[in-house]
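A, B, ... follow the sequence lines: proteins, then strands. Residue 1 opens every chain.
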Amino acid sequence: MNIFETIQQQVQQAFPILFGNEIELNKITINETLKEFEGDVTLVVFPLLKLTQKKPEETATIIGEYLVKTNNNIASFNVIKGFLNLVLKDDFWVDFITKNQSNAITSKSATILIEYSSPNTNKPIHLGHVRNNVLGYALAGIFKANGYPTFKANLINDRGIHICKSMLAWQKFGNGETPESSNMKGDKLVGKYYVEFDKHYKAEIEALIQTGKTKEEAEKQAPILLEAHAMLLKWENGNAEIVELWRKMNAWVYAGFDITYKNLGVDFDKYYYESNTYLLGKDMVEDGLKKGVFYKKENGSVWIDLSSDGLDEKLVLRADGTSVYITQDIGTADLKYNDFHMSRSIYVVGNEQDYHFKVLKLILQKLGRPYADGIQHYSYGMVDLPSGRMKSREGTVVDADDLMDDMIAAAKEQTEALGKIEDFNEEEKQALFKTIGLGALKFFLLRVDPKKRILFDPKESIDLHGYTGPFVQYTYARTRSIWRKYQETQQATNAIATYTLHPAEKELIKVLYNYPIVLAESCKEMNPAKVVDYAYELAKTFNKFYNECSILAAEKTEEKAFRMQLNQRTGNTIKTCFAIVGIEVPERM
RNA sequence: GGUCGCGUAGCUCAGGGGAUAGAGCAACUGCCUUCUAAGCAGUCGGUCGCACGUUCGAUUCGUGCCGCGAUCACCA
């Protein structure tokens with residue numbers, strides 16, 4: 001229990017004695033004291049007045065006197081308007097550091113499965129997917145750090161009409177081009193043909209409109225689209241030639257994805273392939289038909305009516321018997337549960353699919369699946385460009401590989417200009433540039449509330465100063481540098497009898513003290529931005545301390561020893577925070 | 001049109017019933033013979049979209065309106 005909770009409970013317990021009334025715990029508002037006032041912990045007394053039947057100042061004074069008397073961590077109090085400010089003894093903060101107290105995380109039994117990344121094999125990974133990957137990885141890290149058995153799954157969307165589109169375009173216009181012959185990453189090559197398909201498709205629509213068809217008719221009747229549908233049917237019927245083509249092109253894409261994932265530093269415990277799960281979904285649709293959850297239309301297509309739940313009718317199987325997106329998701333859901341028996345199944349997917357996941361959850365609930373209530377769509381905002389949305393089909397995307405290269409190049413330029421790493425060998429240099437470049441990129445994507453959309457302007461490169469990853473990394477490297485120097489000198493003893501804290505020391509300790517609180521909050525709210533923001537605040541506070549208090553040149557030996565402990569604690573906490581969300585930290589920069 | 005999300009400093013974002021609304025960027029000023037200046041300190045910058053309501057107290061909660069976005073496909 002932390003000091004805020006302790007005081008809150010203490011007040012609750014003493015309340016009947018002091019005022020003759022019981023009080024609910026949530027009426028007792030405890031905050032950190034604002035910096036401009038004297039004190040560490042603040043109790044807001046306004047909500048208590050009805051129960052105390054006394055004026056704010058009087059109420060605050062009674063509680064303040066009681067707490068100073070009974071809680072030996074509290075040194076004194078002051079009352080300003082309706083606020084009771086409690087000053088904690090320096091010993092409380094000093095002990096927190098020297099006794100290296102930290103609230104051990106209790107391990108939980110509820111298993112968490114996080115599905116993220118889930119790429120389509122018809123196009124390369126772009127900045128929007130990077131946000132997904134970085135968020136998913138960070139979220140899993142946060143659950144793990146809070147003691148949950150957590151697993152990461154990647155559902156590869158490797159079949160369907162969109163895959164057939166790139167296959168068809170390659171077959172028609174590719175002239176046998178391969179990643180080797182074109183010297184392109186496999187995912188890029190396949191993506192090129194996805195764009196190629198769209199170009200021809202649009203041209204055909206235009207031509208049909210010229211012949212007097214409506215836009216809607218034209219979109220449905222374009223020959224190349226009909227061909228793609230025919231190819232999908234062949235694929236589902238196991239046509240050898242098509243399946244062979246599909247295998248070949250998917251293998252190209254996976255080779256490309258592996259490189260991107262490795263550079264991004266994300267990983268997965270389990271891969272699922274929709275080519276293996278879509279049939280399962282079809283079986284479940286049959287089952288649902290029998291149960292009366294679904295119904296069949298005259299043309300043979302299968303639907304669910306969700307109008308009583310405030311949604312629309314939704315197609316779950318096409319008239320030609322092929323699966324749609326949701327059919328596959330229904331099937332995969334069952335498979336995941338059989339593998340993990342998770343209590344929570346989290347899908348990291350953009351907010352453009354809010355409706356889809358509402359429908360998915362409802363369908364699984366109606367089918368009576370035991371895991372349905374534990375399904376949660378982790379919905380995050382899109383990454384938009386100043387020109388609008390990124391669209392792979394139209395080629396208006398910021399490519400993930402290019403972006404990482406750009407970030408690393410920016411880190412290199414900046415680092416070399418500062419000239420601090422001349423003694424690094426080439427390998428060490430490359431590793432550092434990557435650490436910094438990716439740190440900047442990931443921090444940029446994580447610092448924003450996941451729900452909100454991000455505006456990314458490719459013309460303005462991501463900053464390396466201020467509220468950024470490299471700022472925090474730099475602070476870590478600084479603590480390591482001090483530690484190395486400290487080890488070279490003769491080391492002070494650890495014994496501290498009494499110690500009066502410098503304001504900058506106290507401020508830093510308070511931030512360090514909040515680490516477990518922030519970690520728990522970030523998990524409860526599923527918000528990696530909290531962790532990243534905390535790491536920044538910690539770095540910022542440390543830098544202030546560093547500027548005001550000399551560590552290695554401290555006057556007294558116990559001062560030096562104590563400050564070294566602050567240095568180490570800060571470094572470790574930064575490193576841990578960043579590791580949780582998937583950002584590396586350099587020993588020197 | 002229905003549903004969902006978002007409107008906070010010039011820009012990018014925090015805060016989420018409680019004290020004088022915070023950071024970073026941009027602009028300007030100081031601070032390296034002293035532990036890493038990718039830093040620190042400071043100046044400038046706000047009717048928290050608008051209105052009403054609930055409350056001792058609203059930027060925060062509720063309702064309505066305005067603006068932006070997403071979604072409501074035999075696309076994924």
Check: Start at the 5' end of RNA chain B and walk down; is the nucleotide closest to A:Glu313 or to A:Asp384 reached first?
Finding: A:Asp384

Note to self: With a 4.0 Å cutoff (strictly under), does any side-chain N or O of A:Arg318 reach OP1 or OP2 of B:A76?
What the structure shows: yes

Item checked: Paired nucleotide for B:U20 [Watson-Crick or G-U wobble; both distances under 3.5 Å] -> none

Note to self: Strictly by Watson-Crick or wobble contacts shorter than 3.5 Å, is anything paired with B:A9, and which nucleotide is it?
What the structure shows: none

Check: Which value, in whole Å, describes the distance between the P atoms of nucleotides B:C40 and B:G1?
Finding: 49 Å

Margin query: Testing the 3.5 Å rule here: is there a donor-acceptor pair between the side chains of A:Tyr272 and A:Gln328?
Written below: no

Check: In whole Å, what separates the P atom of B:C52 from that of B:A14?
Finding: 29 Å

Check: What does A:Tyr355 touch in the nucleic acid at a heavy-atom separation under 4.0 angstrom: a base, only the sugar-phosphate, or nothing?
Finding: sugar-phosphate

Next item on the list: Tell which nucleotide pairs with B:G69, taking only Watson-Crick or G-U wobble pairs whose two distances are both under 3.5 angstrom.
Entry: B:C4

Note to self: Please give the distance between the P atoms of B:U8 and B:U3 as a whole number of Å.
What the structure shows: 24 Å

Note to self: Any strand counts, and the cut-off is 3.5 Å on both contacts for Watson-Crick or G-U wobble. Which nucleotide pairs with B:A14?
What the structure shows: none

Check: Is it true that A:Lys282 and A:Glu236 make a salt bridge, defined as a side-chain N closer than 4.0 Å to a carboxylate O?
Finding: yes

Check: Distance between the C1' atoms of B:G15 and B:G22, in whole angstroms?
Finding: 7 Å

Check: With both distances under 3.5 Å as the test, what is the Watson-Crick or G-U wobble partner of B:U34?
Finding: none

Item checked: A:Asn157 side chain near B:A76 phosphate (N/O to OP1/OP2, under 4.0 Å) -> no

Checklist line | Assigned partner base of B:U55, Watson-Crick or wobble definition, under 3.5 Å | finding: none

Notebook entry, point to check: Nucleotide by nucleotide, 5' to 3', does protein get under 4.0 Å of the base (B), only the sugar-phosphate (S), or neither (-) in nucleotides 33-38 of chain B, counting heavy atoms?
Noted result: --BBSB

Checklist line | Residue pair A:Cys164 / A:Met231: nearest heavy atoms and the distance that separates them | finding: O-SD, 3.6 Å

Notebook entry, point to check: Do A:Arg159 and A:Glu274 meet the salt-bridge criterion of a basic N to acidic O distance under 4.0 Å?
Noted result: no

Next item on the list: Could you tell me which residues satisfy side chain to side chain donor-acceptor pair (under 3.5 Å) with A:Asp457, sequence neighbours excluded, listed by chain and number?
Entry: none

Item checked: Salt-bridge contact A:Lys215-A:Glu219 (side-chain N to carboxylate O under 4.0 Å) -> yes

Next item on the list: Give one of base, sugar-phosphate or nothing for A:Glu537, where a contact means two heavy atoms less than 4.0 Å apart.
Entry: nothing

Checklist line | Pair assignment for B:A27, Watson-Crick or G-U wobble, requiring both distances under 3.5 Å | finding: B:U43

Check: So which nucleotide does B:G64 pair with, by the Watson-Crick or G-U wobble rule with both distances under 3.5 Å?
Finding: B:C50

Next item on the list: Classify the nucleic acid contact of A:Asp457 as base, sugar-phosphate or nothing, counting any heavy atom under 4.0 Å across all strands shown.
Entry: nothing

Check: Got a salt bridge between A:Asp309 and A:Lys361, using NZ or NE/NH1/NH2 to carboxylate O under 4.0 Å?
Finding: no

Note to self: Taking B:G49 as the reference, what is the distance to B:C6 when you measure between their C1' atoms (whole Å, please)?
What the structure shows: 11 Å

Note to self: Give me the distance, rounded to whole Å, that separates B:C25 from B:U43 when you measure between the P atoms they each carry.
What the structure shows: 16 Å

Next item on the list: Take atom CZ of A:Phe444 and atom P of B:C13, then tell me their distance rounded to the nearest Å.
Entry: 8 Å

Next item on the list: Give a yes or no on whether a salt bridge exists between A:Asp187 and A:Lys123, defined as a side-chain N under 4.0 angstrom from a carboxylate O.
Entry: no

Item checked: Pair A:Lys434 + A:Glu584: basic N to acidic O under 4.0 Å -> no

Notebook entry, point to check: With nearest nucleotides of RNA chain B determined for A:Gly160 and A:Lys50 from heavy-atom distances, which residue corresponds to the more 5′ nucleotide?
Noted result: A:Lys50

Check: Tell me, for nucleotides 18-23 of chain B in 5' to 3' order, what letter each nucleotide earns: B for a base near a protein heavy atom under 4.0 Å, S for only sugar-phosphate near one, - for neither?
Finding: BBS--S

Check: Which nucleotide, B:U71, B:C75, B:C13, lies nearest any side-chain atom of A:Arg389?
Finding: B:U71

Notebook entry, point to check: Salt bridge check: are A:Arg453 and A:Asp384 linked by an N-O gap of less than 4.0 Å?
Noted result: yes

Notebook entry, point to check: Among A:Thr33, A:Asn85, A:Asn78, whose side-chain contact (heavy atoms from CB on, under 4.5 Å) with A:Glu38 holds?
Noted result: A:Asn78

